[in-house]
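Let me begin by presenting the structure, written as structure tokens, before commenting on it.
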Amino acid sequence: MKRFWFLALFLGLTSLLSYAQRFEGGVMAGLNASQVDGDFTSGYHKPGIVAGGYVLTNLSRTLFTGMELKFNQKGSRRNPDPKIPDDPSKYIMRLNYVDMPVYLGIRTSDRISLIAGLSAGFLLSGTEYDNYEKFQTADQHPFNELDVQGLLGFRFQLNDRLFLDLRGAYSLLPIRSQPGDISIYWLDSQFSNLLSTTVLYRLDF
């Protein structure tokens, strides 16, 4: 399954760049800060990387639509609190996805755009760690393979080729349910909560 998603990422990125011959397109890379709502941690303490490609086309002078295909690291992290004596609690959730966002953009000025859309994420791997070691498969509650997120953000044009994208994304479907019976959907499930900062570089084809 993992090999399939890596192959899908490679073929999809190649298709994006080929398709960009008729559209504007390029590559993108950046950093994530993430947390998971519904676990016992809080705060955007889990760093990650994001990298991939994009295409977009103008619908009018002010409207455009775009699509991306990218590798995205998400999850959550809790480090021991130095203010609490003998606090041993350490926890890391590492989630690797292939994400395919589709969005609509509105140019609010010559260099600033507002973007909103949906993203489908396909899980490559999901692992958890505590103070002692990586969780064994039998001890880890499984993650859902599909993560559907809503996204909202801003894009700033730095020059003719460089763009800075600041974006937030939140799961519309749980990335997994808590062990046991679900009594309250939002309280007994876990949702990915992501902040991303990426740089986009436009390529000529």
Within one Ile-Leu-Val-Met-Phe-Trp-Tyr cluster: [X] and [Y], side-chain cutoff 4.5 Å:
X    : Y    : result
F122 : L172 : yes
M100 : V148 : yes
L194 : F143 : no
F64  : M28  : yes
L104 : L56  : no

Working to the nearest 0.5 Å, report the span between [atom1] of [X] and [atom2] of [Y].
X    : Y    : atom1 : atom2 : answer
L114 : S109 : CG    : OG    : 11.5 Å
L173 : L146 : CG    : CG    : 6.5 Å
S76  : M93  : OG    : CE    : 4.0 Å
L95  : I175 : CG    : CD1   : 5.0 Å
Y97  : K70  : OH    : NZ    : 13.5 Å
Q35  : H45  : CD    : NE2   : 8.0 Å

- Task: Using distance alone, with no hydrogens and no angle criterion, decide if Y103 and R155 have a side-chain donor and acceptor under 3.5 Å apart.
- Result: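 Side chains of Y103 and R155: pair found under 3.5 Å.
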- Have Y44 and N193 got a donor and an acceptor in their side chains that come within less than 3.5 Å?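 A pair is found: one side chain offers a donor N or O, the other an acceptor, under 3.5 Å apart.
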Side-chain donor/acceptor of [X] to backbone N/O of [Y], under 3.5 Å:
X    : Y    : answer
S171 : F191 : no
N32  : Q73  : yes
Q190 : R176 : no
R111 : F156 : no

Minimum heavy-atom distance [X]-[Y], with the two atoms named:
X    : Y    : value
D147 : S192 : OD2-CB, 4.1 Å
G150 : L118 : CA-CD2, 4.1 Å
L152 : A116 : CD1-CB, 3.9 Å
R77  : I92  : NH1-CD1, 3.2 Å

Are [X] and [Y] side-chain neighbours, meaning at least one heavy-atom pair lies under 4.5 Å?
X    : Y    : answer
K74  : D99  : yes
T57  : T65  : yes
L31  : I49  : yes
L63  : I106 : yes
R202 : D160 : yes
L69  : V98  : yes
Y129 : K90  : no
P101 : R167 : yes

- Message: Using side chain to side chain contact (heavy atoms under 4.5 Å, CB included), reason through L164 and T197 one step at a time and then give a plain yes or no.
- Response: CA-CA 7 Å; L164 178 65; T197 302; 3.9 Å; yes
- Message: Tell me whether F154 at atom CZ has more than 12 heavy atoms from other residues, nucleotides or ligands lying less than 6.0 Å away.
- Response: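 Atom CZ in F154 is not packed in, count stays at 12 or less.
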- For L162, which residues count as a side chain to side chain contact (heavy atoms under 4.5 Å, CB included) partner, sequence neighbours excluded?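 L158, N159, V199, Y201.
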- So does D39 pair up with R78, basic N to acidic O under 4.0 Å?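 The answer is no: the pair does not qualify as a salt bridge.
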- Task: Kindly write out the residues that satisfy side-chain hydrogen bond (donor to acceptor under 3.5 Å, both in side chains) with R161, not counting sequence neighbours, or none if the list is empty.
- Result: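 Applying side-chain hydrogen bond (donor to acceptor under 3.5 Å, both in side chains) to R161 gives D204.
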